[in-house]
Amino acid sequence: MRPLRPFNFNTSAELFPAAIRKKKRAGFTYRRFGTAAEAVQFAMEQLPTDSLNGAYLQVEEARFDQNGIRLLYESEAFPLPRRRKPEPAAETDADAA
């Protein structure tokens with residue numbers, strides 16, 4: 001993973017949905033966030049994968065696609081707690097007996 005240039009997660013940001021031809025899917029629309037960190041967290045933790053694919057984040061003059069958003073989320077500088085990934089089901093004591 002290449003290092004990101006210094007990025008200010010406290011800058012306001014806009015999240016734009018992918019252009020979708022099907023009218024059925026009307027869940028995600030344009031959304032403005034007080035901080036880029038909140039926008040990145042929302043994109044990675046709340047958006048369904050198909051909505052994230054093709055969406056982009058606008059922070060000042062910089063634009064981030066799905067991969068860029070993921071890099072921001074995974075960077076060491078990301079200031080918010082990340083949602084824990086589900087762990088594989090562990091064997092219970094009853095199963096082991």
Side-chain angles (χ1 to χ4, degrees):
M1 182 163 75
R2 65 181 170 85
L4 294 172
R5 286 182 271 151
F7 181 81
N8 184 352
F9 282 98
N10 293 318
T11 304
S12 64
E14 299 170 287
L15 188 59
F16 294 87
I20 300 169
R21 292 187 181 109
K22 297 178 185 177
K23 296 252 180 194
K24 283 184 183 179
R25 225 173 77 208
F28 170 55
T29 59
Y30 164 85
R31 189 161 172 190
R32 185 167 178 79
F33 293 84
T35 68
E38 293 167 333
V40 168
Q41 186 178 50
F42 176 83
M44 294 303 298
E45 297 180 3
Q46 302 295 317
L47 281 184
T49 303
D50 63 338
S51 292
L52 181 59
N53 187 19
Y56 69 91
L57 177 70
Q58 181 85 32
V59 182
E60 294 179 334
E61 297 300 317
R63 187 178 281 193
F64 300 88
D65 63 6
Q66 177 182 359
N67 293 328
I69 295 169
R70 187 175 316 283
L71 284 174
L72 290 170
Y73 184 73
E74 293 173 353
S75 79
E76 290 180 15
F78 186 71
L80 301 177
R82 293 173 188 86
R83 179 177 61 193
R84 293 173 65 167
K85 294 178 183 174
E87 296 181 21
E91 211 176 274
T92 64
D93 290 339
D95 292 339

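Model, not experiment: these values are computed from the prediction.
Listed by chain and number, the residues in a side chain to side chain donor-acceptor pair (under 3.5 Å) with E38 are T35 (sequence neighbours excluded). For P48, the side chain to side chain contact (heavy atoms under 4.5 Å, CB included) partners are D50, S51, not counting sequence neighbours. Every residue two or more places apart in sequence or in another chain that forms a ring-ring contact (aromatic ring centres under 6.0 Å, His included) with F78 is listed here: F9, Y73. Taking the salt bridge (Lys or Arg N to Asp or Glu O under 4.0 Å) definition, one finds that E45 meets it with nothing, sequence neighbours left out. Residues passing the side chain to side chain contact (heavy atoms under 4.5 Å, CB included) test with A36, sequence neighbours excluded: F7, A13, V59. Here Y56 pairs with F16, Q58, R63 under the side chain to side chain contact (heavy atoms under 4.5 Å, CB included) rule; sequence neighbours left out. By the side chain to side chain donor-acceptor pair (under 3.5 Å) test, D65 is found to be paired with no residue, residues two or more places apart in sequence or in another chain being considered. Partners of A43 under the side chain to side chain contact (heavy atoms under 4.5 Å, CB included) rule, at least two apart in sequence or in another chain, are L15, L47, L52, I69.
Sorted by first and then second residue, the pairs that involve residues 6-16 and meet salt bridge (charged side-chain N to carboxylate O under 4.0 Å, His left out), not counting sequence neighbours, are E14-R32.
Of all non-hydrogen atoms in R70 and M44, the two that sit nearest each other are NH1-CE, 3.1 Å.
To the nearest 0.5 Å, atom CG of residue L57 and atom CZ of residue F33 are 8.5 Å apart. The CZ atom of R83 lies 9.0 Å from the CD atom of Q41; values are rounded to the nearest 0.5 Å. For the atom pair CG (N67) and CG (N53), the distance works out to 9.0 Å, reported to the nearest 0.5 Å.
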